[in-house]
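Have a look at the structure below, then the notes.
In this text the structure is predicted, and so the values were computed from the model without any measurement. Below, chain A is the first sequence line, B the second, and so on; all start at residue 1.
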There are 2 protein chains.
Amino acid sequence: MSIQYAILGFLSWKPLSGYDLKKLFAASTVMHWSGNSNQIYRALVELHQQGLVTCEVQPQQGLPARKEYHITAAGQAALRQWVMSAPEPPLLRNTFLVQLAWADQLTAAELDTLLASYEAEMDVHARMMREQAARQLDTPQRTPRERYLWQMINENWISFYETQLAWARAARQASIQEEKQP
Amino acid sequence: MSIQYAILGFLSWKPLSGYDLKKLFAASTVMHWSGNSNQIYRALVELHQQGLVTCEVQPQQGLPARKEYHITAAGQAALRQWVMSAPEPPLLRNTFLVQLAWADQLTAAELDTLLASYEAEMDVHARMMREQAARQLDTPQRTPRERYLWQMINENWISFYETQLAWARAARQASIQEEKQP
DNA sequence: GATGACATGTAATTCGTTACATGATTCC
DNA sequence: GGAATCATGTAACGAATTACATGTCATC
């Protein structure tokens, strides 16, 4: 559902083709979609049917026609409506926690290795996010308000990975303490 | 895939029926599955085919036969193997952040309402998690190690919601500051 | 008489992913 | 010659959810 609104959002910046959108999704780490053509092209057809976008076909020699989608007034209204709608809770699934749930059968060393590799992974992700935020790769600069909003989004992701990282470190420490007092 | 291992994990405690597992999944907030019969019964068939569980049918008068699944030695080995395997990164999708990405068109008041309702939601979740952890509803008490592991799992969830909560508060504050200096 | 627990399962639907198919042009 | 970019799309598959189907027994 919400990928349609994400597309409308991008189109509210400027007219784009399916191919453009695909690249935008693939590039942005914060939009969690993979940028696969299946979803995007189908979503565009649906948005067109609902009258939320119009399609401008630009024939090209040799290449398939470029279909440039423009957001309509109805589309802008629908986007605004959705943006204002009550937020749904974030959905988090961490298979690693399921692994941990039955890690009692591991040795202390094995458990520490496991936690260490999670820690390392979270560290990598946290760094990546911090770098990307610093470069502001996908931060539009239209208004100061918008810049601030995208910074907040980046910070949300950073804080997520940093929290995981801190948790992993604490878990390792606690695990060592546990071991000493059986 | 990993729901099979979660099932094996529960069965490593004691033999259970599909119905039992369904209730366990539905009750535990930390296992993110909804506890729907489709997945569970299919997973049990597959585990049985793989020889990781055995099935003991207990006929009952009036009621459909209760199929009690027992973990096998192969099942225990497979579980251990999986628990030790390299953790995959947690998967987080937060539609609210997508909403925020195009919240520039909202008034300051509307934006604050939006952030406030996210804040409230995260607060509720954080409280729920903290309560559940305090009551240790789904914390098995077999060994001190296992108790500690499940505490860590609970703390992971709590820290997630608390981080989101803190982020929402900071975002609201920053939003107010932004407004004063345009 | 209705609801809910017990207990099994199937069907339909949604969402998302990877891989495939086609075909020209440009760069190394 | 091979890879990457441009540009459209389809097919196959997997994971997960809700809703449906069936039937008994106990409780309110």
Under 4.0 Å from OP1 or OP2 of dT8(C): is there any side-chain N or O of Tyr41(B) that close? yes
Closest listed nucleotide, where the reference is the side chain of Pro64(A) and the choices are dT8(D), dT17(D), dT17(C): dT8(D)
Do Ser37(B) and dG9(C) share a donor-acceptor pair, side chain to base, under 3.5 Å? yes
Atom-to-atom span, CG of Leu16(B) to P of dC6(C) - whole angstrom: 14 Å
Nearest-Å distance for atom pair CD/P, residues Glu46(A) and dT13(C): 15 Å
Name the residue from Arg80(B), Arg147(B), Arg145(B) that meets the salt bridge (charged side-chain N to carboxylate O under 4.0 Å, His left out) definition with Asp104(A). Arg145(B)
Protein-nucleotide distance (Leu91(A), atom CG; dA15(D), atom P), rounded to Å: 16 Å
Using a cut-off of less than 4.0 Å, is there contact between a side-chain N or O of Gln39(B) and OP1 or OP2 of dA15(D)? no
State whether a side-chain donor-acceptor pair under 3.5 Å links Tyr118(A) with Asp123(A). no
Out of dT8(D), dA16(D), dT8(C), which has the shortest distance to the side chain of Tyr19(A)? dT8(D)
Name the nucleic acid region contacted by Gln61(B), choosing base, sugar-phosphate or nothing; use a 4.0 angstrom heavy-atom cut-off, strictly under. nothing
Take the protein atom CZ of Arg42(A) and the nucleotide atom P of dC15(C), then report the distance between them rounded to whole Å. 9 Å
Should Pro87(A) and Thr95(B) count as side-chain neighbours, where that means a heavy-atom distance under 4.5 Å? no
For DNA chain C, whose closest nucleotide is more 5', that of Glu68(B) or that of Ser34(A)? Glu68(B)
With nearest nucleotide decided by heavy atoms, which residue, Asn36(A) or Lys22(A), maps closer to the 5′ end of DNA chain D? Lys22(A)
Respond yes when some side-chain nitrogen or oxygen of Lys23(A) is under 4.0 Å from OP1 or OP2 of dT5(D), and no when none is. no
Count the heavy atoms of every other residue, nucleotide or ligand shown that sit under 6.0 Å from CD of Glu110(B), and state whether that count exceeds 12. yes
Counting side-chain heavy atoms from C-beta on, which of dA12(D), dT5(D), dT8(C) comes nearest to Asn38(A)? dA12(D)
May I ask you to check whether Asn154(A) and Gln151(A) show a side-chain donor-acceptor distance below 3.5 Å? no
May I have the distance from Lys67(A) (atom NZ) to dC6(D) (atom C1'), rounded to whole angstrom? 15 Å
Can you measure Ile3(A) atom CD1 to dT17(C) atom C1' for me and round it to whole angstrom units? 11 Å
In this structure, how many angstroms lie between the C1' atom of dT8(D) and the CD atom of Glu56(A), rounded? 18 Å
Leu24(A) has an atom CG; how far is it from atom P of dA7(D), in whole Å? 13 Å
